[in-house]
Amino acid sequence: MNDDKLQVAEHGRDESLYPVSRREFLQGLGGGIIILFATGDLGQGQQRRGERPDFNAYLRIGEDGRVTCFAGKVELGQGPMTSLAQTLADELDVSLDSVDMVMADTARCPFDAGTWGSTTTPRFGPILRAAGAEARAVLIGLAAVRLKVPKEQLAVKDGVVFDKTQQSRRVTYAQLTQGKRIERHLEQAPEIKTVGQYNLIGKPINRLDARDKVTGKAKYTGDIRVPGMVSAKVLRPPSHGATLTSLDTSAVDEMEGYQVVRDGELVAVLHKNPDQAEEALKNLKAEYDIPKARFDDKTVFDYFMDNAGEGRVTDNAGNLGSGRKLAKEVVEETYLNGYVSHAPIETHTAVAHFEGDKLTVWASTQTPFGLHRQLTRDLGMPAENVRVIAPFVGGGFGGKINFEQAIQVVKIAKIVKKPVQLIWSRADEFFYDTFRPAAAVKIKSGFDNSGKMVLWDYTVHGMGGRGAKLFYDVPNNRTTLHRELRNGERQHLVKTGPWRAPDNNTNSFARESHIDVMAARAGIDPLEFRLKNIQDEKFRAVLKAGADKFGWTPAKKSPSGRGYGMACGFDVGVPVVLFAEVAVDERTGSIQVKRVVCAQDLGLVINPEGVALQTEGCITMGMGYALTEEIHHSDGRVGDLSFGTYELPRFSWLPKIEMVLIEADDEPSKGAGEPAIICMGGVLANAVYDATGARVFQIPMTPERVKQAIAARA
Amino acid sequence: MNETISFTLNGKEVTVTTEGERPLLWVLRTDLGLTGTKYGCGEGTCGACTVVMGNRAVRSCIVPVRSVRNREVLTIEGLARNGQLHPLQEAFAKHDALQCGFCTPGMILNAYSLLLRKPEPTYEDIVSGMEYNLCRCGAHTRIIRAIEDAAAEMKGAR
Ligand code: FES
Ligand code: FES
């Protein structure tokens with residue numbers, strides 16, 4: 001590790017943002033051309049602190065002509081490694097294989113807020129393009145001098161600058177950077193390429209990490225080996241809120257090669273091998289005090305609604321009273337959605353290695369810099385002495401924003417003074433997860449004689465408002481969020497956190513189910529009803545394109561028995577519409593999804609193959625929360641600790657998936673990692689209604705709930 | 001109680017001395033240093049740890065290492081020959097049949113044994129053969145396509 005003699009040079013900055021000083025970064029880079037730039041994330045943070053925006057990513061064209069991009073982003077599976085390299089290669093006119101990505105290492109990459117949501121492509125991408133363009137401009141300037149040709153007369157291909165009028169007059173990037181050291185700070189956006197000038201952007205390419213991942217070479221945190229390292233397994237308490245009252249470690253203390261450590265509530269067994277450490281946990285005798293809880297997974301919804309605090313109105317227009325008067329019919333329903341786990345196949349894993357006054361941590365995390373900051377603070381160590389690296393991460397979905405495993409392993413390593421690896425067991429993963437919160441959505445709405453919505457009163461209990469903002473045009477509307485109970489008490493008893501497209505899955509399920517309920521009451525086809533109530537041209541274009549692809553036709557009667565459903569949504573600036581066809585076995589209550597069509601407007605598409613992959617991922621994963629995934633709990637005990645009861649989508653569930661992308665090349669790129677998933681609850685609930693006439697108000701739509709809804713149908 | 005266990009791993013003889021009850025998965029990952037085989041659940045429910053024993057895919061997290069004595073074990077590290085990827089590996093890469101890649105070694109080895117049993121699988125064969133290998137990223141459609149493609153490729157090669 002080349003992290004000796006580190007020092008933080010500049011003053012007046014939040015130093016923890018800069019694990020290594022700017023000078024240090026730059027010194028280590030050697031010669032070539034270096035472009036420093038700031039992505040939106042940092043710009044905002046810095047401005048909030050009233051400081052000059054600085055760089056938080058950079059790229060270098062080395063003396064060998066190779067391009068290296070240093071960025072704090074994590075490769076969680078969504079392919080930023082590939083899409084960022086592709087973007088850069090295109091702007092610089094070099095081949096893709098001459099680009100190296102250095103990611104998610106706090107000692108080598110500047111600060112990055114974290115990798116989540118669909119922010120990498122939309123926020124990072126454009127700035128990276130600008131940096132690439134800037135570097136290209138510098139190189140062309142150098143080439144003009146060297147070749148004695150005016151800049152305008154030069155062109156670049158595959159890292160070679162040449163005279164357009166005489167192609168033999170040429171010079172390579174490597175020749176240009178040789179012996180030079182040019183540093184530029186990207187202040188203003190240089191001219192970037194536009195549609196038609198791209199070589200790589202917009203073309204399907206395969207992932208750069210594919211080869212390593214199919215051969216088993218790709219290193220995840222669990223694959224890190226440090227000499228002298230031991231494995232730890234933590235003793236999981238029986239419930240959230242439990243406190244350890246007694247601990248007898250004598251049985252394990254007597255076993256050779258084992259060690260028990262305790263730091264407050266944290267108890268762990270160590271052994272050379274993780275499997276043996278885990279076995280030994282059984283020999284610990286621990287007693288706990290388990291407090292009674294106010295609600296469980298079934299009573300949670302009523303509890304939230306009955307004990308709701310004031311609430312916060314986030315949107316308000318017109319007048320609900322006049323809306324009610326204008327309404328031909330007022331429809332009121334409540335929609336429920338339970339706790340859901342992230343369940344990545346790679347469980348949370350971390351390695352901690354103290355060497356003298358330095359600490360290196362490898363962690364499967366979405367937020368290496370957040371972890372760095374917390375460790376620095378907790379341990380009182382200088383920022384430059386702590387290094388966090390996130391190798392390949394085996395899926396995150398929001399769950400690996402939580403880095404509890406790394407905090408645990410550092411505590412343990414500090415006590416035992418050896419490098420320690422901690423791999424959470426599957427049960428640990430379920431238990432310690434920051435669940436997607438259970439939430440209830442109450443909607444009171446009305447429509448007039450012409451089928452236009454005139455009233456929309458939308459109340460959320462238990463979660464936030466992403467996706468709650470109405471994109472239907474309703475003159476009298478209000479949205480209220482309840483995130484606290486009366487007396488300001490916290491709502492959830494278990495830890496909750498963002499889950500792929502946070503809140504929006506539940507909000508979209510509620511809203512789109514309710515739109516269909518109204519359409520049915522009004523006797524209007526669901527597509528027509530939506531078109532009547534959405535003015536936005538872009539949205540209408542997406543709706544129509546999706547309907548076309550699906551072959552949507554108005555049914556003679558509703559429910560039609562065809563099993564057709566649709567749902568709209570809006571997430572991270574993307575209008576998205578899903579259409580689905582399902583078959584329902586009324587006897588067993590089981591649902592088979594046969595076909596899903598997804599239409600969305602993602603702006604400029606950098607890598608269509610990546611978009612397809614993400615969208616299919618969304619639809620497949622979305623079937624899980626719509627149909628089976630639910631965490632049961634009572635008194636803080638988590639009832640689902642294995643894939644035996646927590647059912648993930650499987651191969652036999654796969655529908656035929658089709659996609660429509662609205663062409664919008666002159667618009668900024670938007671991420672495809674989330675939008676399509678938000679409609680899955682709504683589209684399937686609506687399709688189930690169309691198949692059976694039974695309306696399911698709670699997801700997941702387990703066979704039990706479907707049967708109940710069938711029994712209750714009018 | 002330690003036992004000495006010899007078996008063939010990716011074509012080479014290996015011997016380990018360890019407790020026979022220990023799961024093959026962890027002996028591979030720790031004692032033998034082959035980390036391509038992944039831990040996802042340790043209970044036989046996810047398939048991330050799938051390796052091929054004889055010609056059959058097994059879940060190495062629930063196979064005691066003692067039971068591979070004198071058997072042949074193939075892990076993801078042993079699939080490519082002389083730097084040449086196996087058609088399944090080629091096809092997984094080509095079809096982007098992975099995102100985070102954590103389920104991938106298990107998927108590939110499960111598919112490998114499926115193709116040994118059924119060299120010309122139908123779509124349904126693939127679905128039922130792969131059913132209990134979990135992928136959280138939702139790469140399923142691509143995985144099926146990759147297996148179909150690899151099957152066709154391998155048939156051509158024969
Ligand atoms: S780790 Fe073996 S089946 Fe999951
Ligand atoms: S690719 Fe991530 S679990 Fe399958």
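Reminder, nothing fancy here: chain letters follow the sequence lines and each chain counts from 1.
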Any cation-pi pair here, A:K233 with B:Y39, using under 6.0 Å and within 45°? yes
Looking at A:R650, is its backbone amide N or carbonyl O close enough to the side chain of B:E131 to form a donor-acceptor pair, meaning the two atoms are under 3.5 Å apart? no
Is it true that a side-chain atom of A:E346 and a backbone atom of B:F102 form a donor plus acceptor pair closer than 3.5 Å? no
If we only count heavy atoms from C-beta on, is the B:T45 to A:R426 side-chain gap below 4.5 Å? no
If I measure from the heavy atoms of chain B, does [X] come under 4.5 Å with its side chain, its backbone, both, or neither?
| X | result |
| --- | --- |
| A:F430 | neither |
| A:K217 | neither |
| A:A218 | backbone |
| A:A427 | neither |
| A:I345 | both |
| A:E629 | side chain |
| A:Q276 | side chain |
| A:P344 | backbone |

Would you mind telling me which of A:N273, A:D212, A:T349, A:I657 has the largest number of heavy-atom pairs within less than 4.5 Å of chain B? A:N273
Residue among A:D275, A:T620, A:T215 with most heavy-atom pairs under 4.5 Å to chain B: A:D275
Distance check, rounded to the nearest 0.5 Å: B:H140 atom NE2 versus A:S652 atom OG? 9.0 Å
What's the spacing between B:C100 SG and A:F397 CZ if we round to 0.5 Å? 6.0 Å
Between A:E616 and B:R142, is there a salt bridge with N-O shorter than 4.0 Å? yes
Evaluate side chain to side chain contact (heavy atoms under 4.5 Å, CB included) for B:H86 paired with A:V214, printing each intermediate quantity in order. CA-CA 10 Å; B:H86 185 275; A:V214 300; over 6 Å; no
Take A:F651 and B:S128 through the side chain to side chain contact (heavy atoms under 4.5 Å, CB included) test and state the conclusion after the steps. CA-CA 8 Å; A:F651 284 92; B:S128 63; over 6 Å; no
Name, in order of residue number, those residues of [range] that have a heavy atom at a distance of less than 4.5 Å from a heavy atom in chain A; otherwise write 'none'.
| range | answer |
| --- | --- |
| residues 106-117 of chain B | B:M107, B:I108 |
| residues 48-72 of chain B | B:A48 |
| residues 90-98 of chain B | B:F92, B:A93, B:K94, B:D96, B:L98 |
| residues 21-34 of chain B | B:R22, B:P23, B:W26, B:R29, B:T30, B:D31 |

A:G77 and B:Q99 have their tightest heavy-atom pair at O-CB, 3.1 Å
Walk me through whether B:K38 and A:Y220 qualify under side chain to side chain contact (heavy atoms under 4.5 Å, CB included). CA-CA 10 Å; B:K38 301 300 182 208; A:Y220 300 80; 3.7 Å; yes
